[in-house]
Each structure stands twice: as structure tokens, then as C-alpha cells.
Amino acid sequence: MRMNFIEELRWRGMLHDYMPDTEKLLENPTAGYIGFDPTASSLHIGNLATIMLLVHFQRAGHKPFALVGGATGMIGDPSGKSEERKFLDEETLQKNQEGIRKQLQKFLDFQGSNAAEMVNNYDWFKEMGFLEFLRKVGKHITVNYMMAKDSVKNRLGEGGGISFTEFSYQLLQGFDFYWLYKHKNVKLQMGGSDQWGNITTGTELIRRIEGGEAYALTTPLLTKADGSKFGKSESGNVWLDASMTSPYKFYQFFINQADADMPRLIRVFSLKTQNEIEILENEHSQSPEKRILQKALAQELTERIHSSHDLQNAIRASNILFGKDAVEDLKKLDEKTLLEVFEGVPQVKISKDKRSECKNVVDFLAEAGVFSSKGETRKAIQNNAVSINKIKITSPEATPTDFELLQGKYILAQKGKTNYVLIQVV
Ligand SMILES: N[C@@H](Cc1ccc(O)cc1)C(=O)O
């Protein structure tokens, strides 16, 4: 028997808040949902934390609904936002919806007795007129109630205020919950802790319109041990789409997490059991320098989000920079990953003719501009500080044409431990 949903979330540290009696609801199979607005063409790693709620929900035997916010995405959720947002144009919204729908599909099981379902709230809003909305939805909720929500309160003080449009957002999300309750028997809405206000507007509507009982459950927003927000790298959001955050960068993002954050992160993102995680933690604490936890999570996620092929590539790329025996790995790297791994490293070009004119490696490295002179090159080789394609150069007499061209055109020169120059033979 699997652990029940709440227990599972509790030991994973994924439980922020839930309404009384939610535990009772979950004693029998039930249905629950989480919504995602199409604000970008891909979900990011922060969304993955809430997706994991749906995954555990389904694994515990319940029926998960993933909602794409085709309608709500046109309005913009004020929750957690200090300023009014610009509308996205229709073309962008369309593209974004398609992107996140495809991603959500990968995480859930759409077969079996508790098969997941995807819905889009545009389907029930597109036909509804303004008058109908005011009569059917707006009448049941007071402005006083709506104004007491953090998402609204925070914008009423100083600053630019809140438009009627964003103010109304909670009613749209509230109606979604009502609609799913009524038509799909959905009793629970989940989300990040910033969604509590919107979710409870839904339970309130369900009570007022239908006299029904529905429930809310939230998960903490992830922060790092140093207090900063989790999920951003220096270059911005970590996206699940490989064309926006490459599998290599995705992998490295997890490899680079601080030890202090790993126990929390691995519980949220990994599907490993409590026992498996504790074993890894023990191993990790015996030799933290091996980064056992970071590697375990980076591997599991890169494979789940991308593919095992992408994972192999990412591991190879990391070995080249940080590992010992990287000669073979370097040869296997495709051009895109090669350029990515050495992004920011100086790149120089040398012509094929020039290369074959060079008598030896000293000439070659000086000619390519890796060192400023032949004398300097010779000295570095004597000091054992030069490698080409990760192979240590032991003799100044080595001939440059002996080095295999990576992807038919690159040579990787290395000075000392960490200084690389990528030479392109043109
Ligand atoms: N408001 C949610 C998305 C959402 C949209 C519609 C819903 O019915 C539920 C959730 C968010 O911004 O994350």
C-alpha cells in the first residue's frame, strides 16, 4: 500500500496549508486540480514543484486534473505581483497554451481508473457574456470579501493600484473550481501558497451557489537557505523546454545547488522513497565533495524532463570541465553542446593551411594566439601545463595535425587547470 497523499506530502516538506477535513476527503479516491496560466511558452522549475503535487495525488490513487488557463491567462493573476501586468497578445497566448499543455501531459498518467485529464478554462468562459457572469458569479461574492485577499490588499496601499480586470481574476479562478466541482466532481484545488486566496474564493462560490463543500491545499513556495528565490539561475528562469534552458544547463543548475538546500529539494522533486533519500543523505554527509545528492537529483530530473540521451550528454559535458578522464567524452560531444560547454571561453580561428604549415605544437599554439609567443608556449609545455583535447602535451615536438578535430573543426587547448581556448580550424 502506498502512503496516503497528505502523509507523503508531509515528509517531503510539501505541505503548506490545507482546510480542516481535507484529510477526511482524501480517505477515499477523489478528484483534484491545479491550474497553470500560459504566461510563457514553457513551464519552469518553480511550476514543477506544484506539478509534483498532482503526481503524488495520482500516485495515491486520486484523479488529477491539469487546467490550462486559456481564459485566466488573458487576465493575469495579481497574486504575488506588486504591479499590474501587460496583456499578452492572442498569438503568444495560443502558442504558450500549446507549449504548456504538451509539457503537462508528460507528467501524468492518462490511462487507468484514475486517469488524469486536461481541461482549458477558455472552454467554459468563451461563451459566457458579461451580464451572465455578473449574474451567475459576481452576485455571490461581496467586494468586501474580495478586497480582504492578500493579492488585492497588497495593491491597495501605495503604488499603482489594481485594475478592475485583475481584481476580477479571483472570480474567474473561483468559477473554474465551481465548474470542475459541478461537472467533474472535483473536490480539491491545490497550488503554491500564493494561491490560497484564489482557491478559497472557489470554495466560497461552491458553498454559496451549490451549498457544496470543497477543499484547498497548498505547497510552500521554494526558497533557498540563503533566503533567495529558488528556480532562477544567473540567466533567469530555469525552463523545462530544452530550447529555452538546455539539458546541460538544466543539469548544471541542480549540480550547483548548495548542500544546505539539497534535503529539501530532493524531497520535492525526486520520486525516490524516504528510505532511498536517507541512504543518499548518509553517503553524501560522509563525503560532501562528491556532491552525491546534487548528482542524484540532477540525473533523475534531466532524464525525466528531457531524456536519457540528454542526460548522457550533460554528464559528458560536465566531466570535460570537472572530471578526470574526459578524452573520450570530449570526442562524443555534439557541436551544440560543445559550444555551450565552452560558452564564454575565448574562441580563436586558424586556417587549415596555417595549421598544416606549423611544424609542431609550439608553432601551432603561438600562431593560433593561445599563447603570446613561442617562448611562452614552450615554457608552459615544460611546466606540464598544456593539454590539447584534454590530452597532456609532453613534448614540444608533437605535430598539430596529430590532434583529432572535434566535430571536424575544433581543437580544445587548455592552459593550467581552468583556462580554455577553443580553436576553430576554418
Ligand atoms: N492563478 C494560477 C493559475 C490558475 C488559473 C486558473 C485556475 O482555475 C487555477 C489556477 C497561477 O497563477 O498560478
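We count ligands from 1, going down the list as the structure has it; atoms in each ligand are counted the same way.
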**Prompt:** Quick one: are the ring centres of F125 and F175 less than 6.0 Å apart?
**Reply:** yes
**Message:** For atom 6 (C) of ligand 1, what's the nearest protein heavy-atom neighbour? Residue, atom name and distance, please.
**Reply:** D176 OD2, 3.3 Å
**Asked** So is G69 in contact with ligand 1, going by heavy-atom distances below 4.0 Å?
**Response** no
**Prompt:** Under 6.0 Å from the six-membered ring centre of F65 and within 45° of its axis: does the NZ or CZ of K63 meet both?
**Reply:** yes
**Request:** With heavy atoms only and a cut-off of under 4.0 Å, state how Y169 meets ligand 1: side chain, backbone, both or neither.
**Result:** side chain
**Backbone or side-chain N or O of T72 under 3.5 Å from ligand 1 N or O** = no
**Asked** Considering only heavy atoms of Q189, which atoms of ligand 1 have at least one such atom less than 4.0 Å away?
**Response** 9 (C)
**Asked** So, Y215 versus Y18, ring centres under 6.0 angstrom or not?
**Response** no
**Prompt:** L108 and A116: which non-hydrogen atoms are nearest, and at how many Å?
**Reply:** CB-CB, 3.6 Å
**Prompt:** Should the proximity of L67 to ligand 1, defined as any heavy atom under 4.0 Å, be assigned to the side chain, the backbone, both, or neither?
**Reply:** side chain
**Complete:** Of all protein heavy atoms, the one nearest atom 3 (C) of ligand 1 is G35 O, 3.4 Å
**Asked** Taking the six-membered ring for Trp, is the centroid-to-centroid distance between H306 and F250 below 6.0 Å?
**Response** yes
**Message:** To check your reading of the model: name the closest protein heavy atom to atom 12 (O) of ligand 1, its residue, and the distance in Å.
**Reply:** D77 OD2, 3.2 Å
**Prompt:** Can you say whether the rings of F403 and F364 are parallel (under 30°), tilted (30 to 60°) or perpendicular (over 60°)?
**Reply:** tilted
**Request:** Anything under 30° is parallel, anything over 60° is perpendicular, the rest tilted; go ahead and classify F269 against F254.
**Result:** perpendicular
**Message:** To check your reading of the model: name the closest protein heavy atom to atom 2 (C) of ligand 1, its residue, and the distance in Å.
**Reply:** Q195 OE1, 3.3 Å
